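Here is the structure we will look at.
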Protein chains: 2
Amino acid sequence: MSVTATESSTRERTRRAILLAAIATLIAKPNASLGEVADAAEVARSTLHRYYPSRAALIAALNAFVDAEYEAAVKRSRPDTGSGLEAYERLCAELLDAHQIFYWWTQSVHLEEDRKPEYDPTVQAVLRRGQEDGTIDRRLDPEWLEMSIWPSLLTAYQYAVTSHRSRHEAREMALRTLIKIAAA
Amino acid sequence: MSVTATESSTRERTRRAILLAAIATLIAKPNASLGEVADAAEVARSTLHRYYPSRAALIAALNAFVDAEYEAAVKRSRPDTGSGLEAYERLCAELLDAHQIFYWWTQSVHLEEDRKPEYDPTVQAVLRRGQEDGTIDRRLDPEWLEMSIWPSLLTAYQYAVTSHRSRHEAREMALRTLIKIAAA
DNA sequence: CGTTTTTGGGACATGAATGTACGATCGCTC
DNA sequence: GAGCGATCGTACATTCATGTCCCAAAAACG
């Protein structure tokens, strides 16, 4: 987000509340109005505007926030440890645990036209390593595999919401699916 | 769509042109304005309004159109023939060939709140048959498997657009992925 | 408790998308 | 080439989201 000056703790809390509410709201309804976001955050619309002067600013903050979470998740998965498939599995597990956040990313791609999916060099390295050490399917393009991760998270989220199954079951199936896709 | 009276061939052609343009436009940009849709269809906005009085009417027609295409695709795949996995594979192949249409469906789910994913009884029957005859993974819920189809189509579409690969390669990888997911 | 910070909530201007209406024009058919 | 169906393009009213301003109330802070 790169806040220039440090904020008071009060402001920081409010800012975070708005951000989280924005994620929750915009995930469920990408064209939700700022008024709806403000309601979800339990602040006045004018307050929201004070923190994020424009919708674009809010979206930018959202993207920055998600990017940061993503990088943290990748780091936690220790991408350099073990076989390619093992690292891939750990990464998927990390992402699944925060899928409600990353779900936003999947959505936002379709809202802004300039936004193009970028391939994460770290993830690409993991997948290529897996193909070399024989644990990951060589017939599938690493770029394809990376792209395939997001929709599965999305499905897991929807499945947990829609079906009568528990969140845990959804997580298990998503993880199993992701491994089946990539495994040699 | 349920057009009450039969239309002149001219009107029919125009109506179809609008519908197809709407799909193409709204897939790429779900919040595109009706003006943009009209431009894509190469008709005046007033003409579009003559055929579909409101945005809601256009969306409804779109959904009906896609539903019909979907049913046709399912039928073409001969869901009652062969093993469960074979039928599933044929179905996926059919859907892949029209993925730019069904991609709309994936999008529209997030635009309307009331719209809930329904499970197709025919597809569910295919998947359950596959689990019984041992060709489809018993550990994965049929509902989960059905939900997993759409994101893969979506990925295939994006992959074909984004990457430098050919449409054919994208199709092959998507099909391979879908089979890997479901196979026992 | 007094001061400062932060929020609430309303008023307002603006712009974009939507929906309606209508006369002019094009193109096909008889 | 006259008639008729269909389209075009424009003008207009309306609604909604956005963004700006401002002041009073509430909360945090020393």
Side-chain angles (χ1 to χ4, degrees), chain A residues 1 3-63 104 107-108 110-114, chain B residues 1 3-63 104 107-108 110-114:
Chain A
M1 232 161 24
V3 179
T4 46
T6 51
E7 289 186 322
S8 80
S9 69
T10 319
R11 287 186 67 87
E12 215 164 291
R13 247 186 320 119
T14 308
R15 164 160 269 134
R16 191 164 193 86
I18 293 176
L19 215 51
L20 294 178
I23 289 179
T25 307
L26 295 176
I27 279 176
K29 197 176 163 192
N31 6 19
S33 73
L34 295 183
E36 292 177 83
V37 174
D39 285 350
E42 294 183 311
V43 298
R45 193 167 67 90
S46 56
T47 302
L48 189 154
H49 258 107
R50 195 171 293 123
Y51 284 86
Y52 301 101
S54 71
R55 180 180 246 273
L58 180 61
I59 300 292
L62 232 60
N63 285 330
W104 157 255
Q107 291 300 316
S108 70
H110 310 295
L111 297 182
E112 310 156 67
E113 13 204 343
D114 56 336
Chain B
M1 234 162 21
V3 179
T4 46
T6 51
E7 290 185 321
S8 79
S9 70
T10 319
R11 285 185 68 87
E12 215 164 291
R13 248 187 318 120
T14 308
R15 164 160 269 134
R16 191 164 192 86
I18 292 177
L19 216 51
L20 294 179
I23 290 179
T25 307
L26 294 177
I27 279 177
K29 196 177 164 191
N31 8 17
S33 73
L34 295 183
E36 292 177 82
V37 174
D39 285 349
E42 293 182 313
V43 298
R45 194 168 67 89
S46 56
T47 302
L48 188 155
H49 258 108
R50 192 173 301 120
Y51 284 86
Y52 302 102
S54 70
R55 180 180 246 272
L58 180 61
I59 300 290
L62 231 61
N63 285 329
W104 156 254
Q107 291 300 316
S108 70
H110 310 295
L111 298 182
E112 310 157 68
E113 12 202 347
D114 56 336

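From a predicted model like this one, the values you see are computed outputs, not experimental measurements. In what follows, chains carry the letters A, B, and so on, assigned in the order in which the sequence lines appear, proteins first and then strands, with residues in each chain numbered from 1.
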Starting from [atom2] on [N], measure out to [atom1] on [X] and report it in whole angstrom.
X	N	atom1	atom2	answer
B/Glu12	D/dG5	CD	P	18 Å
A/Glu42	C/dT6	CD	C1'	17 Å
A/Arg11	C/dT4	CZ	P	18 Å

Distance, nearest 0.5 Å, that separates CZ of A/Arg50 from CG of A/Leu48: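 With rounding to 0.5 Å, CZ (A/Arg50) is 10.5 Å from CG (A/Leu48).
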
Gap separating the CG atom of A/Leu58 from the NE2 atom of A/His49, nearest 0.5 angstrom: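 Between atom CG of A/Leu58 and atom NE2 of A/His49 there are 9.5 Å.
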
In a table with atom names and distances, give each donor-acceptor pair under 3.5 Å that connects a side chain of residues 18-26 of chain B to protein atoms at least two apart or in another chain.
unit_1, atom_1, unit_2, atom_2, d
B/Thr25, OG1, B/Ala21, O, 2.7

Are there any protein N/O atoms within less than 3.5 Å of an N/O atom in nucleotides 27-29 of chain C, and if so, which ones and at what distance?
none

Counterpart residues, side chain to side chain contact (heavy atoms under 4.5 Å, CB included), relative to B/Ser46 (two or more places apart):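 B/Ala44.
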
All side chain to side chain contact (heavy atoms under 4.5 Å, CB included) counterparts of A/Arg13, not counting sequence neighbours: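 Per chain and number, A/Arg13 pairs via side chain to side chain contact (heavy atoms under 4.5 Å, CB included) with A/Thr10.
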
Among D/dT7, D/dC8, C/dT6, the one nearest A/Tyr51 by side-chain distance: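 Looking only at heavy atoms from C-beta outward on A/Tyr51, the closest nucleotide is C/dT6.
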
Heavy-atom closest pair, residues B/Ala57 and B/Tyr52: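 B/Ala57 and B/Tyr52 have their closest heavy atoms at O-CD2, 4.1 Å.
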
N or O in side chain of B/Thr14 less than 4.0 angstrom from D/dT7 OP1/OP2: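 For D/dT7, OP1/OP2 do have a side-chain N/O of B/Thr14 under 4.0 Å.
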
Nucleotide-resolved protein contact map, nucleotides 16-30 of chain D, B/S/- at heavy-atom distance under 4.0 Å: -SBBB-------SS-

Axis bend over the full length of the helix from C/dC1-D/dG30 to C/dC30-D/dG1, computed from five pairs that close each end, to 10 degrees: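 The end-segment axes of the helix from C/dC1-D/dG30 to C/dC30-D/dG1 are tilted 30° relative to each other.
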
Those residues that, when tested against B/Arg11, pass salt bridge (Lys or Arg N to Asp or Glu O under 4.0 Å) (two or more places apart):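 So B/Arg11 forms a salt bridge (Lys or Arg N to Asp or Glu O under 4.0 Å) with B/Glu7.
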
Using atom types as modelled, flag every donor-acceptor pair under 3.5 Å from a side chain in residues 33-43 of chain B to any protein atom, sequence neighbours excluded.
unit_1, atom_1, unit_2, atom_2, d
B/Ser33, OG, B/Gly35, N, 3.4
B/Ser33, OG, B/Glu36, N, 3.3
B/Glu36, OE1, B/Lys29, NZ, 3.1
B/Glu36, OE2, B/Ser33, N, 3.1

